[in-house]
Amino acid sequence: QIRAFAEKHVNYNNTHHTTVFQSQHDIHNNNLFKNVLESEEIKEYGKLLSERYTIKSFLSFAVTESWFTIIPPGGITMPISTNGIVTCCYFLESGPHTGHMTFDSGINEKYFDPIKDAHNSHSFNSNKLDTMTPEGCIFGWPSYVKHNYATNISSEDKILYTFVLDLVTV
C-alpha cells in the first residue's frame, strides 16, 4: 500500500538525498496508518507521557504531523528536528543493513575533539548516538533532538512511518 501511495503522489522530500521519497506531513489524516495511531500501544504511550509531564486538564496528546519515508539503497536522510513534544518512528521495513538511526546530542562536537575515537564512537566520546532500527519497533524521543538515518547499504528499501505527538486543546 505504501509503495502504491508513493507512486501516485508528489514527493515532498526537499531536504534529503534525491532518491528518498517523503510523503506530505499530514498523512495521519489518511486511513493508511489509522491502525497504528489508534493502537493500544500508542494510547498507553500517550498516558505515560501525560503522567510524566504535568499536563493541564484542557490539553491532551495527539498526533499533529505524520509522514512516511522510503529510503532506497544508497539513500540517506539529513538531520532534522520536529515541532512537538515527542517524535516517534515506526520501522515498517528495516533490514539489518538499511542504515542505523543517529541522534545528535546538541553538544558542540569541538568539546569531544580531545577524546574522539572514530573507530569506537559512543555517547561518552561523541556528540552523536547511533542505534539500530529493528523492523516492527516504534521509537520515541524528544522532538527537539535532531535525528537522521545513515546510508542504506542494503539492496532493500527502508520504510519508516514518523509521527509527532504534541499537546492540543480538548
- Any side chain to side chain donor-acceptor pair (under 3.5 Å) involving residues 102-115? Give me the pairs, sequence neighbours left out, ordered by first then second residue. T102-D130, D104-K128
- Query: For the residue pair P134 and F139, what are the closest heavy atoms and their distance?
  - Reply: CD-CZ, 3.8 Å
- Item | Any donor-acceptor pair under 3.5 Å from H147 side chain to P79 backbone | no
- Message: Within the 4.5 Å heavy-atom criterion, are V164 and V86 side-chain neighbours or not?
- Response: no
- Query: Minimum heavy-atom separation for P73 to S155, with atom names?
  - Reply: CG-C, 3.5 Å
- Query: Please, which pairs that meet salt bridge (charged side-chain N to carboxylate O under 4.0 Å, His left out) have at least one residue in residues 69-87, sequence neighbours excluded?
  - Reply: none
- Item | By side chain to side chain contact (heavy atoms under 4.5 Å, CB included) - contacts of K34 (at least two apart) | N31, E38
- To the nearest 0.5 Å, what is the distance between CD1 (I2) and CG (L92)? 4.5 Å
- Task: Taking side chain to side chain contact (heavy atoms under 4.5 Å, CB included) as the test, write out the residues that go with T151, two or more places apart.
- Result: I76, I153
- For E44, side chain to side chain contact (heavy atoms under 4.5 Å, CB included) partners two or more places apart: K47, L48
- Restricting to pairs with a member in residues 62-89, which pass ring-ring contact (aromatic ring centres under 6.0 Å, His included), not counting sequence neighbours? F5-F68, F21-F68, H25-W67
- Task: Indicate yes or no: at least one non-hydrogen side-chain atom of P72 is less than 4.5 angstrom from one of V20.
- Result: yes
- Item | OG1-CZ distance between T162 and F91, expressed to the nearest 0.5 angstrom | 7.5 Å
- Only pairs at least two apart or in different chains count here, so list each salt bridge (charged side-chain N to carboxylate O under 4.0 Å, His left out) that has a residue in residues 153-170. R3-D157
- Message: Going by side chain to side chain contact (heavy atoms under 4.5 Å, CB included), name the residues that satisfy it together with P142, two or more places apart in sequence or in a different chain.
- Response: Y144, V145
- Note on the structure: Here the ring-ring contact (aromatic ring centres under 6.0 Å, His included) pairs for residues 26-64, sequence neighbours left out, are F33-Y161
- Task: Give the minimum heavy-atom separation between S81 and S143, together with the two atoms involved.
- Result: CB-O, 3.4 Å
- Could you name each residue pair satisfying salt bridge (charged side-chain N to carboxylate O under 4.0 Å, His left out) that touches residues 56-67, not counting sequence neighbours? none
- Item | Smallest separation among heavy atoms of V168 and A62, with atom names | CG2-CB, 3.6 Å
- Query: Do the side chain of T87 and the main chain of T82 share a donor and acceptor less than 3.5 angstrom apart?
  - Reply: no
- Separation between CG of N152 and OG1 of T98, rounded to the nearest 0.5 Å: 5.5 Å
- Item | L165 versus C88, closest heavy-atom pair with distance | CD1-SG, 4.1 Å
- Gap separating the CG atom of L49 from the CD1 atom of I55, nearest 0.5 angstrom: 8.0 Å
- Any donor-acceptor pair under 3.5 Å linking the side chain of T69 with the backbone of L160? no
- Task: Working to the nearest 0.5 Å, report the span between CZ of F163 and SG of C89.
- Result: 8.5 Å
- Message: Testing the basics here: between G95 and E135, what is the closest heavy-atom pair and its distance to 0.1 Å?
- Response: N-OE1, 4.1 Å
- Does atom CG of N83 have more than 12 heavy-atom neighbours from other groups under 6.0 Å away? no
- Query: From W141 CH2 over to L129 CG, what is the distance, rounded to the nearest 0.5 angstrom?
  - Reply: 12.0 Å
